[in-house]
Every structure is written in C-alpha cells, then in structure tokens.
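Atom set for the values below is all heavy atoms of this structure, side chains included, hydrogens, waters and symmetry mates excluded.
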Amino acid sequence: MLKEIRLPELSDHVTSADIVKVLVAPGDAVKAEQPLLEVETEKAVFEFPSPDSGVIREVLVSAGTSAAVGQLLFVLEVAADSTAETRGAALTPEARREAPAAPPA
C-alpha cells in the first residue's frame with residue numbers, strides 16, 4: 001500500500017520550511033520514527049520522522065528548496081499490517097495486555 005507523506009502544520013504561523021538535508025533515497029527501507037529530512041523554520045532546525053515502516057518509493061523534495069505545509073514530500077510503500085504494528089509498538093506493555101488481541105490473519 002502506498003502512503004503519501006506530506007509536510008504537516010509545524011505551528012500556527014509557519015506556512016513553509018526549508019529543506020536542509022534529505023536523509024533517505026528511493027529504495028531505502030525505513031522504520032517508523034526514523035528521520036527522513038532535516039527541515040528549518042525561522043525558529044528551529046529539526047528532523048522530520050517517518051510515520052510508518054516501509055520502503056521509500058519517491059522523494060519529491062531536495063536540499064536547498066522550500067516546502068509548503070501540506071506539500072507531498074515522499075511516497076512510502078508500507079505493508080498492509082504496518083500501521084497496526086506501529087500502533088501496537090506505541091502502546092506501553094500494560095496497554096498491550098489490556099488491548100484486545102488482533103484476529104489471526
């Protein structure tokens with residue numbers, strides 16, 4: 001399944017960010033929360049993480065350019081069950097014990 005990764009709203013008054021460094025290339029396997037980009041706003045430089053694990057299929061930005069909020073940055077191919085795994089990984093051990101078990105595939 002292909003997932004579009006767009007630049008999120010960074011704060012109330014920020015409408016774009018400068019791309020400082022692209023940390024991945026097409027074909028790279030990434031894990032959830034792995035940094036994909038370094039972006040800079042008027043106030044800070046920060047890393048932009050991947051929302052899911054998968055394989056980068058397209059990189060649509062480059063270092064030295066600017067991206068608008070909502071602009072498509074990457075296309076990520078994720079496994080059908082990747083989103084469920086990411087949600088489960090985010091749960092604490094106590095919450096996992098209390099969460100209903102997923103039906104067998």
**Student:** Would you call L36 and E47 a side-chain contact if the rule is heavy atoms closer than 4.5 Å?
**Tutor:** no

**Student:** I need the single residue from D18, T15, V14 that forms a side-chain contact (heavy atoms from CB on, under 4.5 Å) with T41. Which is it?
**Tutor:** V14

**Student:** Charged N to carboxylate O under 4.0 angstrom, R6 versus E4?
**Tutor:** yes

**Student:** Is there a path of hydrophobic side-chain contacts, each under 4.5 Å between heavy atoms of I, L, V, M, F, W or Y residues, that connects V55 with V24?
**Tutor:** no

**Student:** In sequence, state the C-alpha distance, the side-chain angles, and the governing distance for V75 and I5, and then conclude on side chain to side chain contact (heavy atoms under 4.5 Å, CB included).
**Tutor:** CA-CA 6 Å; V75 175; I5 301 175; over 6 Å; no

**Student:** At their closest point, which heavy atom of I19 faces which heavy atom of A67, and how far apart are they?
**Tutor:** CD1-CB, 4.0 Å

**Student:** Indicate the atoms forming the closest heavy-atom contact of A32 with P51, along with that distance.
**Tutor:** CB-O, 4.1 Å

**Student:** Would you say the side chain of E58 lies within less than 4.5 Å of the side chain of L76, judging by non-hydrogen atoms?
**Tutor:** no

**Student:** Looking at every heavy atom in both A17 and L10, which two are closest together, and how far apart are they?
**Tutor:** CB-CD1, 3.8 Å

**Student:** Looking at side-chain heavy atoms only, is the closest gap between V69 and P8 below 4.5 Å?
**Tutor:** no

**Student:** Answer whether the closest heavy-atom distance between the side chains of P26 and R57 falls below 4.5 Å.
**Tutor:** no

**Student:** S50 and side-chain contact (heavy atoms from CB on, under 4.5 Å): which partner among V78, I56, L23, V30?
**Tutor:** V30

**Student:** Taking all heavy atoms of V39 and all of V20, pick out the closest pair and write down the distance.
**Tutor:** C-CG2, 4.1 Å

**Student:** side-chain contact (heavy atoms from CB on, under 4.5 Å) with V59: which of L73, V22, D28?
**Tutor:** V22

**Student:** S66 versus S16: any side-chain heavy-atom pair under 4.5 Å?
**Tutor:** yes

**Student:** Step by step, work out the side chain to side chain contact (heavy atoms under 4.5 Å, CB included) result for L60 and F74.
**Tutor:** CA-CA 6 Å; L60 301 163; F74 300 96; over 6 Å; no

**Student:** Starting at CZ of F48, measure out to CD of E38 and round the result to the nearest 0.5 Å.
**Tutor:** 13.5 Å

